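Model, not experiment: these values are computed from the prediction. Sequence lines set the chain letters: A, B, ... in the order given, protein chains first and strands last, and positions in each chain run from 1.
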Amino acid sequence: MLWLCLHLPQLPLSALGSPHAGSAVVDQRGSQRWLITDTPDCAAGTPLSRAQSLYPDLKVQVRRPGAEQETLRSLAYWIYRFGQPVTAEIQDLAEPGRRPRALLWVEIGNSLALFGGLDVLRDRLCNELKELGHAAQIGIAPTRAGAALLACMGHTDPITDTEALSACLANLPLSSLHWPGDVLHSLSGVGFRRLGDLFAVPRDAFSKRFGTQYRLELDRLIGHAPEPCDTLAPPESFRRRFELSAEIEDVERLQFPLKRLCTELQAYLRTRDRGLRGVTLAVMHAGARETRIHAQFVDPHREAKRIFDALHERLERDGLPLPARDLVLMAEDFAEASVPQNDFFDARAGQAQAWSAAIERIRGRLGEDKVWMPQAVEDHRPERAMRRAAALPAKQIPAFSGPLRPSLLCAEPWTMPPPALPAGTAFERIESGWWDGDDQRRDYTILDINGGRAWVYREVGSDKWYLHGWFS
Amino acid sequence: MESALPARVDRIDPRTLLGPKVWRATEQAQIRTEPTGFDVLDRALPGGGWPLGAVSEVLHAQLGAGELSLALPLLARLTQAGRPVAFVAPPMLPYAPRLAAAGIQLSKLLIVDRTESDSEQNALWSAEQLLRAAAGAVLLWIEKADAHALRRLQLAAEESDSCVLLYRSERYAAESTPSALRLRIWRQNAAPQVEVLKCRGARPLPIPLRAAA
């Protein structure tokens, strides 16, 4: 086993979705309140009263554990593509002055060969994490607890065997352990300074004095005890809720959270190796009301920017009827494999994507039904010989071979007075459709009308004339 | 102090000072084109076809003058080569059976309908989006268009590698526009007639010519 652990020290802040880097998140226990994230000026753990007396214009937000869990879970679904099992935990002592540890583990021992080595895997993971907008410290070790401790201590060099791990951990100070303050206090009172001192104590004596629980945790650190865990796997459909810190009326201010959700959806799609065909954004308002925005894509893809553009364009077009409280991004409509992979040798793949993206932008602004692709249909009735397709058709229907047809057709035939027919005018009779209620019996001919070549017809057996198209 | 400048400024190639876009009257302008598919018309046009990266205006007396047929060979060739093309704000329904019969790959053809409000602005905006997305050709039907809008379209075309065909009524023939090429098409004696009103790179031919139907 080789575990890679991410420690996300700023998770309480990023879970709130605040774009202000300078603000701090506080936790509260009784009357005590303290910072649990770092700011440029103040370290985590500082009591709020002291931080505010030093920096009166410090922006403070209250911690939301639910949002932290949700964010960590979505990251777990993302990291699933680097290996499995995946597990995550927020270790919270709830002691004033201590910060929670948001930890995410993935077992990478089996996927190293796939990614081409530890360094490559770690670089890719770091790049994608940055894209998702999170900062993390990474620890790599043969045990879960060991990797977590290395990550929290900022020890980035990977350790691959248990011998080296216990040697490395032995040098760490006692305070690096995420144990209750009174336990650490009594340990240091006995004279222990480093983890190595604890390892050296006979097992039974340590258990008797400080409890079996802590001895077990020491064993787990260095791989002397198994580490059971609940593993996480991404669900079949994507659903992610984003709680806004305040009600938002302005569509522009939804850009940031929306971008974030779209990036997470992209990560989900990459993990599951799927292409996205359609996506729904539910904007939740007060009183359990919601506005749903749906976007269908021309071809399946997995690009965050395209998802964002499509949804944002629609939001801008329609506006919000009420202020937004939450955003929920949902996706269930996936394509299995037909996602075009970026081919180094095929510049056209990129162009096709740009074309699809342009179609989606225009649909977003003009309306879904305003952009279409014509398809020929085999039917003798002129109105039914074509249809409007919303997505790229799979195959081309063989070209219509028959008498010449006009290039522009009237949506509805226009009535016209009976024309003067030149001598020897030939007609094409179209007689069809008696079986489906759209019976047509028409005599078509081509005439020059006011300097235009027109396609006109007469209802058989009457003198009603219609203009049906132009040979433009 | 002696400088490294040449002794006489007038011997400097103006392009070294002003960039490669400077055209000198002694040279034939370089025009990249796509053949129209009509030999008579290709011979009459400088560069031998529809200019690429520029707007060509097709002014027609009325619908049915053969104005769309002028573009069909171009569209057939581009779509068969896999390039996407688009009709923006056509006045009527582009009829798929006719287009398919002309050899156009319908899967590469996109139609953007007119909108009830802001029709011209939406059409111009859509055309610009498609040009940026590497359209092979964009056919655009606009009646009222101010000089500013046409200039924008011309600029979008210049940044692309596409043919832009702008369809307007021949009522606008007297208006001056930034388009690279202006054609007028009408029907006379049951045959389409084409006249080149303006073109870049050469003088327009004074004589009307017959194009294939």
Side-chain angles (χ1 to χ4, degrees), chain A residues 298 347-348 350-359 361-363 365-367 369-379 382-383 385-389 392-402 404-411 447-455 467 469-472, chain B residues 60-72 82-84 86-116 118 122-123 125-135 167 185-190 192 213:
Chain A
V298 181
R348 210 174 264 164
Q351 284 185 0
Q353 277 180 8
W355 184 252
S356 302
I359 294 175
R361 272 201 304 280
I362 297 172
R363 277 204 180 128
R365 175 136 155 190
L366 270 56
D369 55 339
K370 292 288 185 197
V371 184
W372 50 283
M373 284 151 244
Q375 271 186 306
V377 177
E378 276 188 282
D379 197 308
E383 288 93 338
M386 71 174 285
R387 63 181 200 90
R388 300 157 66 109
L392 293 172
K395 65 179 175 73
Q396 173 107 353
I397 287 171
F400 175 83
S401 59
L404 190 63
R405 290 286 178 252
S407 44
L408 293 178
L409 197 75
C410 306
L447 286 179
D448 260 34
I449 298 178
N450 302 333
R453 209 159 160 235
W455 203 40
L467 172 76
W470 294 105
F471 291 86
S472 282
Chain B
H60 49 284
Q62 78 143 82
L63 292 177
E67 72 278 6
L68 192 52
S69 303
L70 273 184
L72 294 184
R83 295 196 63 185
F87 289 10
V88 179
M92 284 159 58
L93 207 56
Y95 195 45
R98 167 74 183 109
L99 302 175
I104 295 172
Q105 290 286 321
L106 294 182
S107 59
K108 291 286 168 194
L109 173 61
L110 185 77
I111 316 277
V112 180
D113 281 343
R114 290 189 172 185
T115 50
E116 279 84 38
D118 295 332
N122 280 336
W125 178 83
S126 306
E128 275 180 42
Q129 299 295 316
L130 295 167
L131 287 173
R132 287 207 198 100
Y167 283 100
I185 182 162
W186 73 102
R187 274 176 81 78
Q188 198 172 16
N189 302 326

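- By number of non-hydrogen pairs under 4.5 angstrom with chain A, the leading residue of B/D118, B/I185, B/V88, B/L130 is B/L130.
- Interface residue A/D369: only backbone heavy atoms are found under 4.5 Å from chain B.
- Both the backbone and the side chain of B/Q129 come within contact range of chain A, judged by heavy atoms closer than 4.5 Å.
- Your options are A/R363, A/R361, A/R387, and the one with the most heavy-atom pairs under 4.5 Å with chain B is A/R361.
- Only the side chain of A/R388 comes within contact range of chain B, with heavy atoms under 4.5 Å apart.
- The two residues B/N122 and A/R365 make their nearest non-hydrogen contact at OD1-NE, 3.8 Å.
- Residue contact with chain A, scored on non-hydrogen atoms closer than 4.5 Å, involves the backbone of B/R114 exclusively.
- With a 4.5 Å cut-off on non-hydrogen atoms, B/A61 does not touch chain A at all.
- Counting only heavy atoms from C-beta outward, the side chains of B/R98 and A/P406 never approach each other to under 4.5 Å.
- Between chain B and the residues A/G367, A/A358, A/S407, A/G469, the largest count of heavy-atom pairs under 4.5 Å involves A/S407.
- Annotation: salt bridge (Lys or Arg N to Asp or Glu O under 4.0 Å) contacts of B/R187 (sequence neighbours excluded): A/D448.
- Most heavy-atom pairs under 4.5 Å with chain A: of the set B/P94, B/P90, B/A65, B/P84, this distinction falls to B/P84.
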Q: Please step through side-chain contact (heavy atoms from CB on, under 4.5 Å) for the pair B/L99 and B/F87, ending with a clear verdict.
A: CA-CA 12 Å; B/L99 302 175; B/F87 289 10; 4.3 Å; yes
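- Residues passing the salt bridge (Lys or Arg N to Asp or Glu O under 4.0 Å) test with A/K370, sequence neighbours excluded: B/E116.
- Side-chain N or O atoms of B/Y95 include none that pairs as donor or acceptor with a backbone N or O of A/R405 at under 3.5 Å.
- Here A/W372 is the residue among A/W455, A/W372, A/F471 with the most heavy-atom pairs under 4.5 Å with chain B.
- Within the 4.5 Å cutoff, the side chain of B/L110 has heavy atoms near those of the A/M373 side chain.
- Between chain B and the options A/I449, A/N450, A/I362, A/V371, heavy-atom pairs under 4.5 Å are most frequent for A/I362.
- Without hydrogens or angle criteria, A/S472 side chain to B/G66 main chain gives no donor-acceptor distance under 3.5 Å.
- Looking at B/A135, both its backbone and its side chain come within 4.5 Å of chain A, counting heavy atoms on both sides.
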